[in-house]
Number of protein chains: 2
Amino acid sequence: MENSYFNGISCPNEYVLALKDTLNVITGKWKLAIVTTLLFEKKRFSDIQRMIVGITPRMLSKELKELEMNGVVVRKVYDSTPVLVEYELTDSGKKLKHIIDTLVQWGLEHREQAIAAFAEAEA
Amino acid sequence: MENSYFNGISCPNEYVLALKDTLNVITGKWKLAIVTTLLFEKKRFSDIQRMIVGITPRMLSKELKELEMNGVVVRKVYDSTPVLVEYELTDSGKKLKHIIDTLVQWGLEHREQAIAAFAEAEA
DNA sequence: TATAGCAGTATACAAAAGGATACTGCTATA
DNA sequence: TATAGCAGTATCCTTTTGTATACTGCTATA
């Protein structure tokens, strides 16, 4: 396994790429919101739009395409009339729950300390 | 504990805020790079700048201020001559290692599947 | 036949994030 | 006394990200 230098620290190349991949998937204003609604169950475009308050169809379309490109979501088209489209998480997508939990956990543990630090920095 | 609606899903208000806090800390082009270099040991401004290839002093300064505001980093000024400034992770900051590990882990597990999905979406 | 819903796209714009470059005041060292 | 290093700041610009608004083609239902 080859190593690369990330911030002067030698570490496996894959680690750096893996980190970038993950960040790619979870950053973006609506990405985690979309993933969260889909964790429950697969949904249609208009369902998602209704559940996520404030999202425009343009952004929903864009984010869904990126999630699909990244293998987090699959778009299923049923050729009924009228056409039915459903968005569903892949296995990888479902595993994002663990990441979300970890992020929430850190946030909870950190919250009080952060508030204190912020108050101090303000003063 | 009060609940709020996140994407139409009822969940504790704190969870949503906690998630936002964490995302605030880890998003930004250089945030995790800075945290990673500091995980090793505390460092001076110019040390960090040397280790993170490509970062400008402007961005480093900006990101460090935000990390400090968020209680992830502490800025220590020793009034020697010339003045010595050191940046160090707080306890919360050190705990970000767990998040980074989780992100890398997901990325590694996901990588092969993602590549396949991408190839398919292209075709 | 008019209306509403589905699944989006198109165009234009505003805001946020990040980059390039130059500069500051300080001091230790050659 | 000139130079280099420390710890940044200031100004301007480009790129990326996200918003607003209108529109498309299709079809089921009233």
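The nearest whole Å value for the distance from the CG atom in B/Asp47 to the C1' atom in D/dG5 is 12 Å. If you take CD1 of B/Ile48 and C1' of D/dC6, they are 13 Å apart, rounded to a whole angstrom. Computed from coordinates, the A/Leu84 CG to C/dG5 P distance equals 17 Å when rounded to whole Å. Nucleotide C/dA7 holds its C1' atom 11 Å from the CG atom of A/Leu64, rounded to whole Å. As rounded to whole Å, 13 Å separates atom C1' of C/dA16 from atom CG of B/Asn24. In this structure, CZ of A/Arg50 is placed 14 Å from P of C/dG8, rounded to the nearest angstrom. Atom pair B/Glu86:CD and D/dA7:P shows a separation of 9 Å (rounding to whole Å applied).
Two residues are said to be in side-chain contact when any heavy atoms from C-beta on lie closer than 4.5 Å; A/Val77 and A/Leu84 fail this criterion. Residues B/Leu38 and B/Leu67 are not in side-chain contact: their nearest non-hydrogen atoms beyond the backbone lie 4.5 Å or more apart.
Taking only side-chain nitrogens and oxygens, B/Lys43 never comes nearer than 4.0 Å to OP1 or OP2 of D/dA7. A sub-4.0 Å separation between OP1 or OP2 of C/dC6 and a side-chain N or O of A/Arg44 is absent. Look at B/Lys31 and you won't find any side-chain N or O under 4.0 angstrom from OP1 or OP2 of C/dA17. Residue A/Tyr78 has no polar side-chain atom (N or O) positioned under 4.0 Å from OP1 or OP2 of C/dA7. Remark: B/Arg75 is in phosphate contact with D/dG8, judged by side-chain N or O atoms under 4.0 Å from OP1 or OP2.
In this entry C/dA2 has D/dT29 as its Watson-Crick or G-U wobble partner, both defining distances falling under 3.5 Å. Under the Watson-Crick or G-U wobble criterion, with both distances below 3.5 Å, C/dT21 is paired with D/dA10. Taking a pair to require two hydrogen-bonding distances under 3.5 Å in either a Watson-Crick or a G-U wobble arrangement, D/dT17 pairs with C/dA14.
The nucleotide whose nearest atom lies closest to any side-chain atom of A/Lys65 is, among C/dT9, C/dA7, D/dA7, C/dT9.
Using a 4.0 Å cut-off between a side-chain N of Lys or Arg and a carboxylate O of Asp or Glu, A/Arg75 and A/Glu68 do not qualify as a salt bridge. Using a 4.0 Å cut-off between a side-chain N of Lys or Arg and a carboxylate O of Asp or Glu, A/Lys31 and A/Glu63 qualify as a salt bridge. Electrostatic pairing of A/Asp91 and A/Lys95 does not count as a salt bridge here, judged by no charged N lying under 4.0 Å from a carboxylate O.
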Nucleotides 18-30 of chain D: protein proximity per nucleotide (B base, S sugar-phosphate only, - neither; heavy atom, under 4.0 Å): SBB------SS--
Candidate pair A/Lys42 and A/Lys76, rule side chain to side chain contact (heavy atoms under 4.5 Å, CB included), full reasoning: CA-CA 10 Å; A/Lys42 62 187 172 186; A/Lys76 286 186 177 160; 5.6 Å; no
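Using a 4.5 Å cut-off between side-chain heavy atoms of Ile, Leu, Val, Met, Phe, Trp and Tyr, with links allowed through other members, B/Ile100 and A/Val25 fall into the same hydrophobic cluster.
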